[in-house]
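Computed from a predicted model, the values in this text were never measured in an experiment. The sequence lines fix the lettering, A, B, ..., with proteins before strands; numbering per chain opens at 1.
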There are 2 protein chains.
Amino acid sequence: MLGRRKTKRGIAMHDTRGAQGFGGEALLYLTDEQLRQGIEAMFFAYRGFTADPDRILADQGYGRAHHRAVHFIGRAPGTTVNNLLAILGVTKQSLNRVLRTLIENGLVESRVGTSDKRERHLFLTDRGANLESQLSDAQRARMRAAYREAGPEAVGGFRRVLEAMMDIEMRRAYGKLKEGQQ
Amino acid sequence: MLGRRKTKRGIAMHDTRGAQGFGGEALLYLTDEQLRQGIEAMFFAYRGFTADPDRILADQGYGRAHHRAVHFIGRAPGTTVNNLLAILGVTKQSLNRVLRTLIENGLVESRVGTSDKRERHLFLTDRGANLESQLSDAQRARMRAAYREAGPEAVGGFRRVLEAMMDIEMRRAYGKLKEGQQ
DNA sequence: TTGGAATGTCAACAAGGCTGACATATGCTG
DNA sequence: CAGCATATGTCAGCCTTGTTGACATTCCAA
């Protein structure tokens, strides 16, 4: 179906096969099947990736949207709404709904900008930081376990593929966050 | 904030640092910051991962839920509803809504089981296979590009970390799909 | 002083999760 | 055969989180 079988080679395949090509360029012999497995791995892994935070959030009546906001505010304290909008890639109405509940519930503080008073700078309160660290702890624990299980050499490859999979604009946003933290 | 800085080391860090530990076990020195970057990479990469299919789907009035159904039906033709339910991890009501529109629109065919007539076996029609290959082509193209950019050594690590990040049940489902295709 | 940017908010809508309840076949087992 | 379990479908209603469109406010900058 869909030509998958057509692209299979008649020999035993390993998960990945790399080979040095001609002009010094690294070539990958990637069958459709290998790519499909990568796609499915991404799908299932993302579910695992969000599973722990989802449970914590559900207990407290929040959702993933709240997690994302809390995460990036914790990551870049003082960030503006517009900034957050760009990173999250949602509409301001959508973000605002989430932000409003977080502010009402005392997890996030919104301070009027000092230089430009139109801007709002967002900060986690102690309660917000508390939730953030619960979520982060769970997610980091899973990530750490996965890294350990996959082995030291795997981590670099993992990160490189993920970075290459991002849209260009997101790669910039991601890079900025990385730099901001060291 | 949140103790991130506390865990930083005072020396230059590379993206990953592995070391052979004592009892022969590979140890990873992973700072919170490194783990956080992995988390964010996962977040941004998943966006990229779904971006191309999302555009194609939106054009035709479908969503990600339809994509998932079409993908796994194409992947395991003749699969039962219950089977699909387990893989997708949603309720039957949720799946049914999606499946119903796909059947109505002639993308999926539902055949009564031969041995057990309670079961329905699901297949893509030509139109369904057509959409599936559009979506798959786009997603594989991105995956292939990411693999190429990351280099041959990166691919194995990528896959190993993803597999380790899955929940155990999903790892089994994933394994079955892999085996089913070779 | 005026246009545009940043923000907030209201309303309405859609997708896609969920729960609960119930119906219909069909299979299996005592 | 009777009765329970299983597989599926469906209705209704709810929630979160995305969308668009419209509009108000505040404030910067030319």
inquiry  = Once you apply a heavy-atom cut-off of 4.0 Å, does A/Thr101 come out as touching a base, just sugar-phosphate, or nothing?
reply    =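 No contact at all - A/Thr101 keeps every heavy atom at 4.0 Å or more from the nucleic acid.
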Look at [X] together with [Y] and state whether they make a salt bridge at an N to O cut-off of under 4.0 Å.
{"X": "B/Arg171", "Y": "A/Glu149", "result": "yes"}
{"X": "A/Arg172", "Y": "A/Glu163", "result": "no"}
{"X": "B/Glu109", "Y": "B/Arg111", "result": "yes"}
{"X": "B/Asp167", "Y": "A/Arg47", "result": "no"}
{"X": "B/Arg75", "Y": "A/Glu40", "result": "yes"}

message = Which residues in residues 49-72 of chain B have a heavy atom closer than 4.0 Å to any atom of DNA chain D?
response = none
request  = Between A/Ser94 and A/Thr114, name the one whose nearest nucleotide on DNA chain D is closer to the 5' end.
outcome  = A/Ser94
ask   = Start at the 5' end of DNA chain D and walk down; is the nucleotide closest to A/Val112 or to A/Val90 reached first?
value = A/Val90
query = Above 12 or not: heavy atoms from other molecules or residues under 6.0 Å from CG of B/Asp126?
reply =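 Not more than 12 within 6.0 Å, no.
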note = For nucleotides 5-13 of chain D, 5' to 3', base contacts (B), sugar-phosphate-only contacts (S) and non-contacts (-) with protein non-hydrogen atoms under 4.0 Å give -BSBBBB--
inquiry  = Set out, in order, the CA-CA distance, both residues' side-chain angles and the distance that settles side chain to side chain donor-acceptor pair (under 3.5 Å) for A/Arg159 and B/Gln37, then state yes or no.
reply    = CA-CA 9 Å; A/Arg159 287 277 296 273; B/Gln37 285 174 17; 2.9 Å; yes
Worked check of side chain to side chain donor-acceptor pair (under 3.5 Å) between A/Thr80 and A/Arg120 = CA-CA 5 Å; A/Thr80 63; A/Arg120 302 299 135 95; over 6 Å; no
ask   = According to a strict under-4.0 Å criterion, is B/Thr91 in side-chain N/O contact with OP1 or OP2 of C/dC18?
value = yes
